[in-house]
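Structure first, then comments.
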Amino acid sequence: MATIDLNSDLGEAFGRYSLGRDSEIIPLVSSVNVACGYHAGDPDVMAQTVELAEKAGVGIGAHPGFPDLQGFGRRKMDMKPAEVQHMVTYQVGALQAFTKSKKLHHVKPHGALYNAAAKDHDLAVAICKGIAQVDGDLPIYGLANSELISAAKEVGIPFAQEAFGDRNYNADGTLVSRGLPDAVIKDPKQVAKRVALMINNQEIIALDGTKIPLKPDSICVHGDNQAALDIVKELRNGLSEAGIEIKTF
């Protein structure tokens with residue numbers, strides 16, 4: 001039976017402002033990426049999200065991003081590689097401290113940091129070095145076939161090739177910009193169908209029809225997508241019907 005890790009970006013509330021349906025989504029996925037206070041989240045939210053994930057027995061990952069609360073970490077910032085490395089180390093170490101075992105399952109960069117590093121090798125290396133400074137055995141979740149994967153091999157940390165069920169792709173394998181109308185897919189049945197084909201055919205169809213080869217280890221559903229809970233439920237049903245088991249990476 002084919003297996004796939006199903007992850008979701010969560011812990012993105014802040015203070016009195018709630019975002020997402022974390023308590024309902026966490027039991028339905030196999031790993032979670034928890035915001036570390038820079039693009040979203042705060043110490044209380046981090047603690048609460050880790051506790052929910054530990055009770056559910058899912059893999060807990062740090063989700064470090066640019067220090068941009070107002071822009072939700074989706075605006076690229078001009079930072080030197082050393083600054084990015086230290087920023088990642090700081091956030092990963094902070095989340096790790098909230099876990100009972102003082103050990104994380106993985107790290108996945110967030111938003112603009114993730115997308116920029118998918119193309120920028122030096123930035124990707126800085127992120128991987130930041131992770132290795134905390135724990136050299138911590139896998140990075142990176143966009144399949146991107147510079148994040150190349151950098152992980154270069155730095156010597158484990159990696160998971162990630163694909164997105166609720167995002168459209170460009171012909172070069174990058175994600176369609178959120179500023180464009182077709183960036184996010186909100187129809188749960190469409191997402192489930194795309195993911196099953198992605199896993200079975202080891203390819204994704206870009207917006208222009210280009211077939212992009214990839215072999216995903218993990219599939220992401222964004223927690224701030226308003227249809228996230230419905231998408232995760234439909235995904236579980238669709239993958240089960242396709243004979244694909246959801247299992248932590």
Side-chain angles (χ1 to χ4, degrees), residues 2-9 29 31 33 63 65 72-76 106 108-125 127-128 139-154 159-228 230-232 234-239 241-244 246 249:
T3 63
I4 193 72
D5 176 58
L6 181 60
N7 78 76
S8 189
D9 303 339
V29 296
S31 63
N33 318 303
H63 199 33
F72 199 64
R74 289 182 175 154
R75 301 181 293 193
K76 187 177 184 300
H106 68 276
K108 175 186 166 181
H110 165 80
L113 181 63
Y114 182 101
N115 291 327
K119 300 178 182 179
D120 185 330
H121 185 71
D122 290 341
L123 181 60
V125 168
I127 292 170
C128 291
I140 184 172
Y141 281 24
L143 185 67
N145 305 325
S146 74
E147 290 298 332
L148 280 166
I149 304 303
S150 298
K153 294 176 182 178
E154 181 178 322
F159 59 87
Q161 305 246 22
E162 183 181 39
F164 291 79
D166 58 356
R167 292 293 303 276
N168 271 313
Y169 280 72
N170 297 308
D172 64 355
T174 59
L175 300 178
V176 173
S177 170
R178 283 181 176 271
L180 299 176
D182 295 322
V184 181
I185 302 169
K186 299 179 180 179
D187 180 352
K189 292 187 180 297
Q190 183 182 357
V191 173
K193 182 179 179 180
R194 280 169 58 85
V195 170
L197 290 172
M198 190 188 305
I199 297 167
N200 288 327
N201 298 346
Q202 295 188 9
E203 65 181 18
I204 184 72
I205 309 297
L207 269 179
D208 68 354
T210 301
K211 293 183 178 180
I212 305 166
L214 56 78
K215 187 176 181 181
D217 299 305
S218 187
I219 302 293
C220 175
V221 174
H222 290 90
D224 65 311
N225 185 334
Q226 292 184 353
D230 291 336
I231 287 173
V232 171
E234 189 66 38
L235 256 179
R236 289 186 68 90
N237 292 334
L239 293 177
E241 291 173 2
I244 300 167
I246 295 173
F249 172 76

Considering only heavy atoms from C-beta outward, does the side chain of His106 approach that of Phe249 to under 4.5 Å? no
Would you call Asp9 and Lys108 a side-chain contact if the rule is heavy atoms closer than 4.5 Å? yes
Taking C-beta and beyond as the side chain, do Val195 and Leu239 meet within less than 4.5 Å on heavy atoms? yes
No-hydrogen, no-angle side-chain donor-acceptor test under 3.5 Å, Asp182 and Asn168: no
With rounding to the nearest 0.5 Å, note down the distance linking CE in Met198 to CD1 in Ile4. 8.5 Å
What is the distance from atom CD of Glu234 to atom CG of Asp230, rounded to the nearest 0.5 Å? 8.5 Å
Heavy-atom distance under 4.5 Å between the side chains of Glu162 and Asp5, does that happen here? no
Centroid-centroid under 6.0 Å between Tyr141 and Phe164 rings: no
Approximate separation, where rounding is to 0.5 Å, of Cys220 SG and Leu175 CG: 9.5 Å
Nearest heavy-atom contact between Leu235 and Ala192 is CD2-CA, 3.8 Å
Heavy atoms, side chains only, cut-off 4.5 Å: are Asn7 and Ile219 in contact? no
Donor-acceptor pair, side chain of Ser218 and main chain of Leu6, under 3.5 angstrom: no
Say you draw a straight line from CG of Asn115 to OG1 of Thr174; how long is it, rounded to the nearest 0.5 Å? 8.0 Å
Student check: side-chain heavy atoms of Leu148 and Tyr114 closer than 4.5 Å: yes
For the backbone of Asp172 and the side chain of Asn170, can you confirm whether one donor and one acceptor N or O come within less than 3.5 Å of each other? no
Would you compute the distance between atom SG of Cys128 and atom CD1 of Ile140 and round it to the nearest 0.5 angstrom? 4.0 Å
Answer yes or no: is there a side-chain heavy-atom contact under 4.5 Å between Leu113 and Ile127? yes
Could you tell me which residues satisfy side-chain hydrogen bond (donor to acceptor under 3.5 Å, both in side chains) with Arg75, sequence neighbours excluded, listed by chain and number? Asp68
Do NZ/NE/NH1/NH2 and the carboxylate oxygens of Lys119 and Glu147 come within less than 4.0 Å? no
Looking at Arg194 and Asp166, is there a salt bridge between them, counting it only when a charged N and a carboxylate O are closer than 4.0 Å? no
Is the shortest heavy-atom distance from the side chain of Arg167 to the side chain of Val184 under 4.5 Å? yes
Would Asn200 and Ile244 count as a side-chain contact (heavy atoms from CB on, under 4.5 Å) here? Give the steps. CA-CA 9 Å; Asn200 288 327; Ile244 300 167; 3.9 Å; yes
Might you point out which heavy atoms bring Ser146 and Ala118 nearest each other, and give the distance in Å? CB-O, 3.5 Å
Distance-only, no hydrogens or angles: does the Asn201 side chain make a donor-acceptor pair with backbone N or O of Glu203 under 3.5 Å? no
Return the NZ to CD1 distance between Lys193 and Ile185, rounded to the nearest 0.5 Å. 12.0 Å
Contacts under 3.5 angstrom, residues 209-217 side chains, donor-acceptor by atom type, not counting sequence neighbours:
| from | atom 1 | to | atom 2 | distance (Å) |
| --- | --- | --- | --- | --- |
| Thr210 | OG1 | Asp208 | OD1 | 2.8 |
| Thr210 | OG1 | Asp208 | OD2 | 3.2 |
| Asp217 | OD2 | Gln161 | N | 2.8 |

Look at the side chain of His110 and the backbone N and O of Phe72, then say whether any donor-acceptor pair between them is shorter than 3.5 Å. yes
Please report the shortest heavy-atom distance between Asn145 and Ile149, naming the atom on each side. N-CG1, 4.0 Å
